[in-house]
Amino acid sequence: MTRVEIMVLMVLFEGLFSAGALSDNSTIPALVNIGVLYSFNTSVGKMVKTAVEAAVEDVNSDPSILPQTKLKLSMQEDTKYRGFLSIAEALQLMATQTVAIIGPQTSTTAHVISHIANELQVPLLSFTATDPTLSSLQFPFFIRTAFSDVYEMTAIADLVNYFQWREVIAVYGDDDHGRNGMGALGDKLAERRCKISFKAPMTPEATREEITDVLVQVALAESRVIVLHTSTAWGPKVLSVAKSLGMMENGYVWITTTFLSTWLDIHSPLSPDATNDMQGVIALRMYVPDSKLKRWFISRWTNITTSGKNGNGTLGLSTYGIFAYDTVFALAHALDAFFKRGNQITFSHDPKLSQIRGDNMHLDAVKIFNEGNLLRKHIYEVNMTGVSGLFKYDSDGNLVNPAYEIINVIGTGTRRIGYWSNYTGLSIVPPETLYSKPPNRSSASQNLLPVFWPGETTQKPRGWVFPNNGRMLKIGVPKRVSYRDFVSQVQGTDMFKGFCIDVFLSAVNLLPYAVPYKFVPYGDGDSNPSNTELVRLITADVFDAAVGDITITTERTKMVDFTQPYIESGLVVVASVKKTDSNAWAFFKPFTPMMWAVTAIFFLLVGAVVWILEHRLNDDFRGTPKQQMVTILWFSFSTMFFAHRENTVSSLGRFVLLIWLFVVLIINSSYTASLTSILTVQQLSSPVKGIDSLINSKEPIGYLQGSFTRTYLIEEIGIDESRLVPLKTPEETATALKNGPQKGGVAAYVDERAYIELFLSSRCDFSIVGQEFTRNGWGFAFPRDSPLAVDLSTAILELAENGDLQRIHDKWLLSSACLSQGAKLEVDRLKLRSFWGLYLVCGLACVIALLIYLIQTMRQYSKHGPEELESSGNGSGSSRLRTFLSFVDEKEEIVKSRVKRKKIEGMSYRSTREVGSSITSNKGFSQASSNRIDSATEI
Ligand SMILES: *[C@@H]1O[C@H](CO)[C@@H](O)[C@H](O)[C@H]1NC(C)=O
Ligand SMILES: *[C@@H]1O[C@H](CO)[C@@H](O)[C@H](O)[C@H]1NC(C)=O
Ligand SMILES: *[C@@H]1O[C@H](CO)[C@@H](O)[C@H](O)[C@H]1NC(C)=O
Ligand SMILES: *[C@@H]1O[C@H](CO)[C@@H](O)[C@H](O)[C@H]1NC(C)=O
Ligand SMILES: *[C@@H]1O[C@H](CO)[C@@H](O)[C@H](O)[C@H]1NC(C)=O
Ligand SMILES: *[C@@H]1O[C@H](CO)[C@@H](O)[C@H](O)[C@H]1NC(C)=O
């Protein structure tokens, strides 16, 4: 607005200006002017006027509030309620020295006149301008006496999230109210990982034709969830047009903001066909808790509208009427507090306005309310219980406890399906019952009653459809030249067949809705197309999806959404393998050399220990040193077959032998088992042992041309590009592998397991070597956030669970016997590590036995030895040892004869016929007879 315009205005209203009727009784005036700026010609305006007048009447007759002061209303019709005229009207009101203005009706006007209010310091109190951007920071004198649309949009976002829709279409009037409301909705949806997929603005006060044009666009979009945010004046017209366009049918979801509930409330009682066009629509209504005061007010409202001068019972009460009534009371309370603190109401000239004063301009009339800021503060400090419940502001200048009712239009009326409150979100019990409990916004606690949706159904609409423009989904399918079992084009047609196609068709059949699609081949038919490029074409809108052997890789998931993998397929290395024939020295293979060495050492060791423990008592271990040596060797190695003939007599010797035989048993059976497997299972050998050995070599590596393997090998594994050889077909691969690096082929071939299984099914000369070194899967690709990807994922999981996936796999990709042969590549030699425990036990047994033997011998020596030592009269070390040894020998003789005697006695008791004669024949035993007796005792 230009300066000239303002001046013109001033002149225009010159005649109207008059001084305020402020009489001074100490400081409290008898009369206070309050302006009301509304479009009284609209239904909302009529209701507001009635409510405000009733409130002023009640304040003036209430002695407890503003006892010495009467409120006086200055009504100003806001005819066009937007733009230039509104400014004029606001100025006109302010010239009557109003201390506050109730209004304006619309957010658009509020944006404009808030600047004037700021300048003249006159608080604006509005309950219908709910635009969230009318912030108290930019417009300190704009005070919202209802809930900001931020909360309404949060409620809608919660609703969308509750019904698990992801995208909505916003239809709104393209003014401050609509635009800023939808901005808030977008933010709130984004917090819940949802979004506005399409914004359909309409000119404010749109005609039926304009509405039709916009709604036709909406019908073509994918989403079927429509949020309608307009004004009460023309909002219902949109629903009526929607109905005529068939957009109130099954599948559609309409969520409207408070305008619809206001319209329904004001027009109540509704005529029977008033709701015909809006069946199943969900609407929000500002929530006013039930209370005695509210019931009283409703009864009073009925009195006013039926019997009053301006009523014949056709003006319904909406929540805006209640907030209008409370707004006047809040203002009265604030003024009361304002006067009680001894403040006065004074007006003064605006120095800035004075500067532009022209001679014939009577701008003196427009004055600044000096205490406006103080009054504003008092309004924000109001703490009262009004008809709308607790009326109080929080520190951000918002009314406390914002809450909405969620209503559903059914039949000739509406039904409440639940509540939304900023405190706990969606609930079916009134929010005030929840304020005493801790807030709980978990998804389990969110609930609503069943909804009656458009199209007379109670089944929740899916919320989206395939864009209804007669277009089919264009699904890109790679035109493979190799491994055509996975996907291939049927010659001469547009049809495709193969494993991937079958999986896709089965999954699509499981969807609860029809998917119109057509396959579009991708690739030149001479070489395998790059699947990464195919996926990229989805982002470029060339394809709507891609089906085929598409591996889910990081690079690709950055571009598109994949379904769940329907086949596992990691990378493996394939190499040409030779069968190793079991050669003449195969019997060495079960043990490692170390194992062989330790085993041999233990055989000798045990032989030696047993000899030490036995040779004094046991004739078997006696004889010339040469004989004894042979005995030790023979004895120890014959234990290998449990075929030792030498008897052990000492308990220590038996102890050691027992443990040793156990060790031998274990080693024997392990050896046998290992040898068996070596000789019977076919062994394959390859110089390539896996991906690790490939990295370190310099030999060429083959990969499937067009596959992501190339990038992976270069970027992730770090293999030099020059070593990679693209191979097109399985035949080419087989030849390259067979030729090997020497003849211009490759040393190994890296590819996905799924292809390799097919490759190996008929080629037994090759085998997978090493481990699978990545874990990938194949999925179908869809554009980001595609709802189809989610539904197909579910379908694929269902296929996997009911076994269909396996059946499709078996149909196309039955693997043959060749594959399993490659399983065993390396001889698993038995290592010492597996046996050291046994050897430890055995070794310990030997050491303990030897120690015990030594101690025993020492004790015997200390009993008998010393006298004999003394008699020899020689103290030198070596002679001592000699004496000790000869003593030991003598003792041995004694012990031995004692033992033999015992044996003989034992035998004689048994009085076996054969042995009997030899016992009686001689007292001194010959070597031969003793042997015979020994063998007899063994029997
Ligand atoms: C103000 O006026 C009222 C009556 O209008 C009178 O009762 C009251 O005493 C006056 N107060 C003062 C402070 O004069
Ligand atoms: C109120 O609106 C009607 C039509 O909507 C119009 O005919 C009438 O003149 C308006 N009244 C005022 C006072 O603007
Ligand atoms: C409404 O009118 C009736 C009869 O005129 C009266 O008894 C009742 O008190 C009125 N109610 C209110 C709230 O004014
Ligand atoms: C009620 O009065 C309004 C005007 O105040 C009029 O437009 C409307 O037709 C009347 N309704 C009935 C049912 O008489
Ligand atoms: C608001 O009023 C209620 C009673 O009406 C009182 O309990 C409460 O403490 C008041 N709050 C403030 C902040 O003054
Ligand atoms: C609404 O809830 C949010 C978060 O729960 C809170 O920060 C905010 O203060 C609440 N607003 C009101 C007006 O209660």
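Start at 1 and go down the list; that is how both ligands and their atoms are numbered. Residue numbers run from 1 in the order of the sequence given.
- Each of the atoms 12 (C), 13 (C), 14 (O) of ligand 6 lies under 4.0 Å from some heavy atom of Pro402.
- Interface of Asp394 with ligand 6, defined as ligand atoms under 4.0 Å from a residue heavy atom, comprises 12 (C), 13 (C).
- Residue-level proximity to ligand 6 for Tyr423 is absent, since no heavy atom of it falls below 4.0 angstrom.
- When the options Arg784, Arg193, Lys195, Arg192 are evaluated for a salt bridge (charged side-chain N to carboxylate O under 4.0 Å, His left out) with Glu167, the one that passes is Lys195.
- One N or O on the side chain of Gln446 and one on the backbone of Leu426 form a donor-acceptor pair closer than 3.5 Å.
- Of the protein's non-hydrogen atoms, Asn422 ND2, 2.4 Å is the one closest to atom 2 (O) of ligand 6.
- Note: Tyr404 and Trp420 have tilted aromatic rings, judged against thresholds of 30 and 60 degrees for the angle between ring planes.
- With hydrogens and angles left out, the side-chain atoms of Tyr320 and Thr232 include no donor and acceptor closer than 3.5 Å.
- The nearest protein atom to atom 10 (C) of ligand 5, hydrogens excluded, is given as Asn383 ND2, 2.2 Å; this is a heavy-atom distance.
- Looking only at atom types and distance, the side chain of Asn373 has a donor-acceptor partner in the side chain of Arg376 under 3.5 Å away.
- Only the backbone of Leu399 comes within 4.0 Å of ligand 6, counting heavy atoms alone; no side-chain atom from C-beta on gets that close.
- Within a 4.0 Å radius of atom 13 (C) of ligand 6, the protein has at least one heavy atom.
- In this structure, CG on Leu374 lies 7.0 Å from CD on Glu371, to the nearest 0.5 angstrom.
- With 3.5 Å as the limit, one finds a donor-acceptor pair spanning the side chains of Asp62 and Ser64.
- Remark: ligand 6 and Tyr151 share an N or O pair separated by less than 3.5 Å (distance only, no angle test).
- Atom 7 (O) of ligand 5 is never approached by the protein to below 4.0 angstrom, counting heavy atoms only.
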